[in-house]
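When reading the values below, keep in mind they use all heavy atoms of this one structure, side chains included, and skip hydrogens, waters and symmetry mates. Lettering of chains follows the sequences in order, A, B, ..., and the numbering in each one begins at 1.
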Number of protein chains: 2
Amino acid sequence: MADIYELLRSAGVQPTPQRLAVARYVLGTTSHPTADEVLAKARRECPTLSRATVYNTLTRLAEHGLVRPQTIREGVVVFDAHTERHHHFVDEATGKIYDVPWEALSVSGESSLREYDVRDYQVVMRGRRRKS
Amino acid sequence: MADIYELLRSAGVQPTPQRLAVARYVLGTTSHPTADEVLAKARRECPTLSRATVYNTLTRLAEHGLVRPQTIREGVVVFDAHTERHHHFVDEATGKIYDVPWEALSVSGESSLREYDVRDYQVVMRGRRRKS
DNA sequence: CACGGATTTAGACTACTTCTAAACCTGGAG
DNA sequence: CTCCAGGTTTAGAAGTAGTCTAAATCCGTG
């Protein structure tokens, strides 16, 4: 949340008002928004913001490691402000995506996969979130 | 590939020429095709086949457990004829998806996830396939 | 052979994403 | 101060994935 302006600058992304509005929303939520959701929220701060700018900005933030696009939900890319390794749980009833800490699961056996140079992996779980 | 006709019938899907063409292709490949790829291939056998029929048929095959839709590649659903549990490896250079046997990996720790009722899970890996 | 239900079809339509070309800053050189 | 050049933003067009609709077709039964 802190100083988004400085965060963008130090990541090498010139901080324009539009980019700040996008970054403030996407970096401040854990809800895995789609580009359109980011557009809707960021427009509250910057009403002329265009769809193209949102896509450009999200792509740029991703290139600079500030968000991570994820292919988990059907038909859309969602953006995750949580950039360290972690797993995901998808609630099939609501479509909501939850982050699962890396340490909650342990995966072994990758070493047997000689044919593949695995650069990254994650466990994707689906089911229902228990009401608590 | 055996008797697709019987396979459809016994799964409760009325085997029409269009459905046979779709099923023959999608059940006979390990390439995780998209609906459009299935359309292109199945049209060789059945040139009047329409896009809508391909979507309808793939949905029906999925409902009857003969294929499994997967959300792994950006922006598209791919269909996997391999319906038992398994993991996936995505080659980031080519976009190709490879099946990884269930036994090749072991995941532990799901039990700590009290908040979630995990009905299904898989490991999704990304990287480069080694040329062999 | 007519009927009715299931199936197929083309094309319209929606959603998501990328592209394009014009407009718009903004900051430095003259 | 003015002009220019870069980068940025914009609306809308275009491209791609998938769904929907209504008419046409097919097929088994009476």
Side-chain angles (χ1 to χ4, degrees), chain A residues 4-5 8-9 11-26 32-64 66-80 95 97, chain B residues 4-5 8-9 11-26 32-64 66-80 95 97:
Chain A
I4 301 280
Y5 183 94
L8 292 195
R9 258 195 15 77
V13 178
Q14 189 172 319
T16 65
Q18 290 85 346
R19 290 178 182 168
L20 286 167
V22 168
R24 258 196 285 271
Y25 178 65
V26 76
H32 304 80
T34 64
D36 263 15
E37 285 159 7
V38 175
L39 175 63
K41 301 292 176 134
R43 263 193 178 156
R44 292 183 186 169
E45 231 182 279
C46 187
T48 71
L49 185 64
S50 75
R51 191 177 252 79
T53 298
V54 171
Y55 279 100
N56 289 341
T57 302
L58 289 171
T59 302
R60 194 165 303 222
L61 294 180
E63 283 163 4
H64 290 79
L66 299 178
V67 300
R68 201 188 237 276
Q70 292 279 357
T71 303
I72 296 180
R73 257 178 60 183
E74 267 190 31
V76 255
V77 174
V78 301
F79 293 86
D80 195 338
I97 299 170
Chain B
I4 301 280
Y5 183 94
L8 292 195
R9 258 194 16 77
V13 178
Q14 190 172 318
T16 65
Q18 290 85 346
R19 290 177 183 167
L20 286 168
V22 167
R24 259 197 283 273
Y25 180 65
V26 75
H32 304 79
T34 63
D36 264 14
E37 285 159 6
V38 174
L39 175 62
K41 300 293 178 136
R43 262 190 179 158
R44 293 183 186 169
E45 228 181 282
C46 188
T48 70
L49 186 63
S50 74
R51 193 179 300 287
T53 299
V54 171
Y55 279 99
N56 289 342
T57 303
L58 290 171
T59 302
R60 195 164 303 220
L61 295 181
E63 283 163 4
H64 290 79
L66 299 178
V67 300
R68 202 191 238 276
Q70 293 280 357
T71 303
I72 297 179
R73 256 178 62 181
E74 264 191 33
V76 254
V77 173
V78 301
F79 293 87
D80 194 338
I97 298 171

Colleague: Residues two or more places apart in sequence or in another chain: which of them pass side-chain contact (heavy atoms from CB on, under 4.5 Å) with A:Val78?
Modeller: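 By the side-chain contact (heavy atoms from CB on, under 4.5 Å) rule, A:Val78 matches A:His32, A:Thr34, A:Gln70, A:Arg73, A:Ile97.
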Colleague: For A:Glu74, enumerate each residue passing the salt bridge (Lys or Arg N to Asp or Glu O under 4.0 Å) test, keeping only those at least two apart in sequence or located in another chain.
Modeller: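 With sequence neighbours excluded, A:Glu74 shows a salt bridge (Lys or Arg N to Asp or Glu O under 4.0 Å) to no residue whatsoever.
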Colleague: Go nucleotide by nucleotide along DNA chain C from the 5' end; which of B:Pro17 and B:Glu74 gets its closest nucleotide reached first?
Modeller: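 In this pair, the answer is B:Pro17.
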Colleague: Looking only at non-hydrogen atoms, find the nearest pair between A:Ala35 and A:Val54 and report the distance.
Modeller: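 Shortest heavy-atom separation between A:Ala35 and A:Val54 comes out as O-CG1, 3.6 Å.
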Colleague: Only counting residues at least two apart or in another chain, list the ones meeting salt bridge (Lys or Arg N to Asp or Glu O under 4.0 Å) with B:Arg60.
Modeller: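 Expected list: none.
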Colleague: Need two values: the first and the last nucleotide of DNA chain C, 5' to 3', having an atom under 4.0 Å from any heavy-atom of chain A.
Modeller: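 Endpoints of the contacted stretch of DNA chain C: C:dC16 to C:dC19.
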Colleague: Please enumerate all residues that pass side-chain contact (heavy atoms from CB on, under 4.5 Å) together with A:Ala42, with sequence neighbours excluded.
Modeller: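 A:Ala42 satisfies side-chain contact (heavy atoms from CB on, under 4.5 Å) with A:Ala21, A:Val22, A:Leu49 only.
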Colleague: Name all residues meeting the side-chain contact (heavy atoms from CB on, under 4.5 Å) criterion together with B:Thr59; count only those two or more places apart in sequence or in a different chain, and write none if there are none.
Modeller: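 B:Thr59 satisfies side-chain contact (heavy atoms from CB on, under 4.5 Å) with B:Glu63 only.
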Colleague: Looking at residues at least two apart in the chain, or sitting in another chain, which of them share a salt bridge (Lys or Arg N to Asp or Glu O under 4.0 Å) with B:Arg43?
Modeller: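 Scan of B:Arg43 (salt bridge (Lys or Arg N to Asp or Glu O under 4.0 Å), adjacent residues dropped) gives none.
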Colleague: According to side-chain contact (heavy atoms from CB on, under 4.5 Å), who are the partners of B:Pro69, at least two apart in sequence or on a separate chain?
Modeller: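 Listed in chain order: B:Ala62, B:Val77, B:Phe79.
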Colleague: Between A:Arg43 and A:Gln14, name the one whose nearest nucleotide on DNA chain D is closer to the 5' end.
Modeller: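 Of the two residues, A:Gln14 wins.
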Colleague: Mind checking what makes salt bridge (Lys or Arg N to Asp or Glu O under 4.0 Å) contact with A:Arg51, not counting sequence neighbours?
Modeller: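 A:Arg51 satisfies salt bridge (Lys or Arg N to Asp or Glu O under 4.0 Å) with A:Asp36 only.
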Colleague: Using a 3.5 Å cut-off and no angle test, enumerate the donor-acceptor pairs between side-chain atoms of residues 11-20 of chain B and protein atoms at least two apart in sequence or in another chain.
Modeller:
{"from": "B:Thr16", "atom 1": "OG1", "to": "B:Arg19", "atom 2": "N", "distance (Å)": "3.2"}
{"from": "B:Arg19", "atom 1": "NH1", "to": "B:Gln14", "atom 2": "O", "distance (Å)": "3.0"}

Colleague: Between residues 45-60 of chain B and DNA chain C, which residues have a heavy-atom gap below 4.0 Å?
Modeller: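 Under 4.0 Å from DNA chain C: B:Thr48, B:Leu49, B:Ser50, B:Ala52, B:Thr53, B:Arg60.
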Colleague: Walking along DNA chain D from 5' to 3', note the first and the last nucleotide with an atom under 4.0 Å from a heavy atom of chain B, and give both.
Modeller: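 Answer, 5' to 3': D:dA17 to D:dC20.
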